[in-house]
Asks: 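Can you keep this structure in mind? I'll have questions shortly.
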Amino acid sequence: MALRIQHKIFERDNQPVEFSKETLAKFRKLIGRYPEGRQKSALLPILHIAQEESGGHLRVDVMDFVADLLKIQPVEVYEVATFYTQFRLENTGKFLLEVCRTAPCAICGGEDIFEYLSEKLGITDGETTPDGLFTLQGVECLGACGYAPVMQVNTEFEENLTNEKIDRILSELRSKANVDKPKESKWAEKFC
Amino acid sequence: MGRKILLEHIDVPGIKTFDVYRANKGYSAVEKALKTMSPDEVIEEVKKSGLRGRGGAGFPTGLKWSFLDRKTNNPRYLVCNADESEPGTFKDRYLIDHIPHLLIEGLIVSSYALGCNATFVYVRGEFKTQIGILEQAVAEARKAGFLGKNILGTNYSLEIYVHSGAGAYICGEETALLESLEGKRGNPRIKPPFPAVKGLYDCPTVVNNVETLAAVGPIINMGGPEYAKIGIGRSTGTKLISACGNINKPGVYEIELGLPVSEFLFSEEYCGGIKGGKQLKAVIPGGSSVPVLPAKLITTTAAGEPRLMSYESLAEGGFVSGTMMGSGGFIVYDADACMVRSTWNFSRFYHHESCGQCSPCREGTGWMEKVLHRIENGHGRQEDIDLLVSIAAKIEGNTICPLGDAAAWPVASAIRHFREEFEFHVNYPELVRDPKHQPISKLAQVHV
């Protein structure tokens, strides 16, 4: 099983990695913040940008590109990408809904919010809606316990959630998606 | 009204911006320190203030600074820990959101005291908004000549860099944070060597929490001894408490250390009592890693003294009847809460967040989660409760970093104080299978 999963994750995409001039300049600026010979320090900040610009997840060729850029071994990038929750190796929906499920949120109705979202979208933890719009993910403490229940929609926090507020957020996101073109979800199938 | 030190100007409109902050005596500590004090004098002042680490450990800040190896020719680093991830804690986010320049000012004064020319603020990756706020604040301070080369015409130069994490609770542990800052997995390092000797890039390093560093500016302005007059005993000054859970007024409050817990819980100035007029059941006063206390022990110590919000009073009674100040993440449970479910929830958190380096933590957190899950879902066995106690005891003290202890304490303390709830789950499995079952106290009245 483990082998199969690794094989899928490390399957190379045929699209060549291309970052804009502006993005490459951002990468260089980030590298410049750290002392000479310590350019690896820029890895996490660079991966954030690389992930955002390559459609919300890190393809292996993107990781290899970052390894080259930082003059480190590809495995040094893979081990970091697989360690941190925010780096994703699978495609997600256009909107990633990360609902906090840790106790301070849970005792304020966080579990009900998750269930409500799950019902409304017809998907469970870790799944993406067939239209590629929403991925639902239960996550651990987001550090906003006083405004519980909370979730993160991509990078934005949505706080003091109620069912009504969820309805409003979902319809706002849907109309936003109609304006922007929905993201292709060729990796929508689950790994395991 | 308690005295406000960190949040003194919080209500001033526009205090988030450099100009308004400056107009409210902002950056006067930088002027005072850089122009009239030597680095050693700054350290001495912080020592006199009695300031203790606000991230959770409560270690005296001045003493930590004095351990920094200043003889080496290597650069020295100050790293600000803004990886706020302890469940129940959201005070650093609040500070950064509302008064970011207080942190920048503290960073400049502290960096000057420690002789650092490059300082990193490690912010948890989820706080993208806060990263933007800090970068903006750094740019403003730089433009005004408080950062960069030859600050205020002195020969002291400093750059502050805001660095993003990527979602890992373990990176709040200082050596894991340093590993992460070097672009690696957040695996904590074996100590010694301590960061003060060998930290970031093998150079002497101090890692301090956001709130700790934010307090340095006011301490320099008022003088260490004056700060030390606030508070009680060795718990000097003020502390930010982030209150959440089943209370009327969740939020971030600045308290003078020594405030009675009951006043914090029930007065209108702070938590405003339990939501919906329910009874108080339990409190975790310092973030999820510290022991939970039942209502009677959180307001009064076992010896019958009123319990105070101070490092010493909260710890009174040790782990038998006390808890810890921790990070100040104050989680309140009302009478309807199920302590078994909450304990299972936290054990899942620690299992998810264990870095996997040490076997007792990697395996033990998973075992605790599984055993608690089956008890909570009505499949528990009589021997499971003692099994949990035994696993917790075998994790505690047997790992490189304190995450193991942090995972063990909530389980051990919940069983110590709420054993009857765990036993009820084992004895009446059919009554607890529904996660929204009635409170155990009510069920027990009918069925026992």
Side-chain angles (χ1 to χ4, degrees), chain A residues 30 32-35 37-49 51-52 66 70 72 76-88 98 100-112 115 138-148 150 152 154-157 159-160, chain B residues 75 84-90 92-94 118 120 124-129 159 161 163-169 171 180-187 200-201 242-246 250-252 275 284 288 329 331-334 336-337 341-343 345-346 348-349 352-353 355-356 435-436:
Chain A
L30 280 169
R33 306 197 306 186
Y34 306 94
R38 302 293 185 176
Q39 71 281 359
K40 189 179 170 181
S41 271
L43 181 54
L44 268 63
I46 285 181
L47 283 182
H48 274 296
I49 298 173
Q51 174 168 277
E52 204 175 310
V66 172
L70 295 176
I72 56 178
E76 294 177 77
V77 181
Y78 306 160
E79 66 171 9
V80 160
T82 50
F83 182 84
Y84 294 92
T85 318
Q86 285 190 291
F87 298 133
R88 283 172 293 277
E98 295 180 300
C100 177
R101 57 180 189 177
T102 312
C105 268
I107 60 172
C108 295
E111 290 171 332
D112 296 339
E115 230 168 75
V139 293
E140 299 300 346
C141 189
L142 290 172
C145 321
Y147 325 105
V150 296
Q152 233 181 338
N154 295 342
T155 57
E156 297 300 310
F157 275 76
E159 302 170 341
N160 299 311
Chain B
E84 184 167 61
S85 318
E86 175 80 13
T89 315
F90 48 100
D92 297 338
R93 171 183 136 136
Y94 183 87
F120 295 96
R124 71 177 290 183
E126 289 87 345
F127 286 178
K128 208 177 171 190
T129 310
E159 291 295 344
Y161 301 107
H163 183 104
S164 164
Y169 169 72
C171 293
S180 180
L181 189 47
E182 291 182 5
K184 302 176 203 158
R185 294 162 68 96
N187 287 353
L200 184 64
Y201 311 133
S242 55
C244 62
N246 309 130
V252 175
K275 210 171 177 175
I284 303 175
S288 65
I331 311 167
V332 181
Y333 292 88
D334 68 27
D336 289 352
R341 191 164 185 82
S342 163
T343 311
N345 186 302
F346 281 132
R348 183 187 60 197
F349 171 83
H352 183 265
E353 300 299 341
C355 81
K436 293 199 178 89

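Letters A, B, ... are given to chains in the order of the sequence lines, protein chains preceding strands, and every chain is numbered from 1. These values consider heavy atoms only, across backbone and side chains, with no hydrogens, waters or symmetry-generated copies.
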Asks: Given that the side chain runs from C-beta out, which part of B/C355 has a heavy atom under 4.5 Å from chain A: side chain, backbone, both or neither?
Replies: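 Backbone plus side chain of B/C355, per the 4.5 Å heavy-atom cut-off to chain A.
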
Asks: What part of B/R341 is in contact with chain A, defined as an atom under 4.5 angstrom from a non-hydrogen atom: side chain, backbone, both or neither?
Replies: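 Side chain only.
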
Asks: Which bit of B/S242 is near chain A, if near means a heavy-atom gap under 4.5 Å: side chain, backbone, both or neither?
Replies: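 Nothing of B/S242, per the 4.5 Å heavy-atom cut-off to chain A.
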
Asks: So for B/H163, is it side chain, backbone, both, or neither that comes closer than 4.5 Å to the heavy atoms of chain A?
Replies: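 Both parts, heavy atoms under 4.5 Å.
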
Asks: List the atom of A/Y84, the atom of B/G186, and the distance in Å for their closest heavy-atom pair.
Replies: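 Heavy atoms of A/Y84 and B/G186 come nearest at OH-N, 3.3 Å.
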
Asks: Which bit of B/S180 comes within less than 4.5 Å of chain A, counting heavy atoms only: side chain, backbone, both or neither?
Replies: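 Both parts, backbone and side chain.
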
Asks: Between B/K184 and A/E79, does at least one N-O distance fall below 4.0 Å, as a salt bridge requires?
Replies: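 No, this pair does not count.
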
Asks: Taking all non-hydrogen atoms of both residues into account, name the closest pair between B/G88 and A/C145 and its distance.
Replies: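 Closest pair (atom of B/G88, atom of A/C145, distance): N-SG, 3.1 Å.
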
Asks: Go through it in stages, so that I can follow the logic: the residues are A/E140 and B/R124, the test is salt bridge (charged side-chain N to carboxylate O under 4.0 Å, His left out), and I'd like the CA-CA distance, side-chain angles, deciding distance and then a yes or no.
Replies: CA-CA 13 Å; A/E140 299 300 346; B/R124 71 177 290 183; over 6 Å; no

Asks: By a 4.5 Å heavy-atom criterion (distance strictly below it), what part of B/R185 contacts chain A: side chain, backbone, both, or neither?
Replies: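 Interface part for B/R185: both.
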
Asks: How many angstroms lie between CD1 in A/I107 and CD1 in B/I331, if you round to the nearest 0.5 Å?
Replies: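 One finds 7.0 Å between CD1 of A/I107 and CD1 of B/I331.
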
Asks: Between A/C141 and B/Y169, is there a side-chain heavy-atom distance shorter than 4.5 Å?
Replies: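 When only atoms from C-beta onward are counted, A/C141 and B/Y169 do not touch, as no gap falls below 4.5 Å.
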
Asks: With a 4.5 angstrom heavy-atom cut-off, could you sort out which part of B/F346 is near chain A: side chain, backbone, both or neither?
Replies: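 Just its side chain gets close to chain A.
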
Asks: Chain A heavy atoms under 4.5 Å from B/K436: which part of the residue, side chain, backbone, both or neither?
Replies: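 Just the side chain, heavy atoms under 4.5 Å.
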
Asks: Which atoms of B/K128 are under 4.5 Å from chain A, going by heavy atoms: the side chain, the backbone, both sets, or neither?
Replies: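 Side chain only.
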
Asks: For residues B/E182 and A/S41, report the shortest heavy-atom separation together with the two atoms involved.
Replies: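 In this case the closest contact between B/E182 and A/S41 is CA-OG, 3.4 Å.
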
Asks: For the atom pair CZ (B/F120) and CZ (A/R33), what is the distance rounded to the nearest 0.5 Å?
Replies: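 If we round to the nearest 0.5 Å, B/F120:CZ and A/R33:CZ are 7.5 Å apart.
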
Asks: Just to verify, what does B/F90 make a ring-ring contact (aromatic ring centres under 6.0 Å, His included) with, not counting sequence neighbours?
Replies: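 Partners of B/F90 under the ring-ring contact (aromatic ring centres under 6.0 Å, His included) test: A/Y147.
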
Asks: Of the backbone (N, CA, C, O) and the side chain (C-beta and beyond), which part of B/E353 lies under 4.5 Å from a heavy atom of chain A, both, or neither?
Replies: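 The side chain, not the backbone.
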
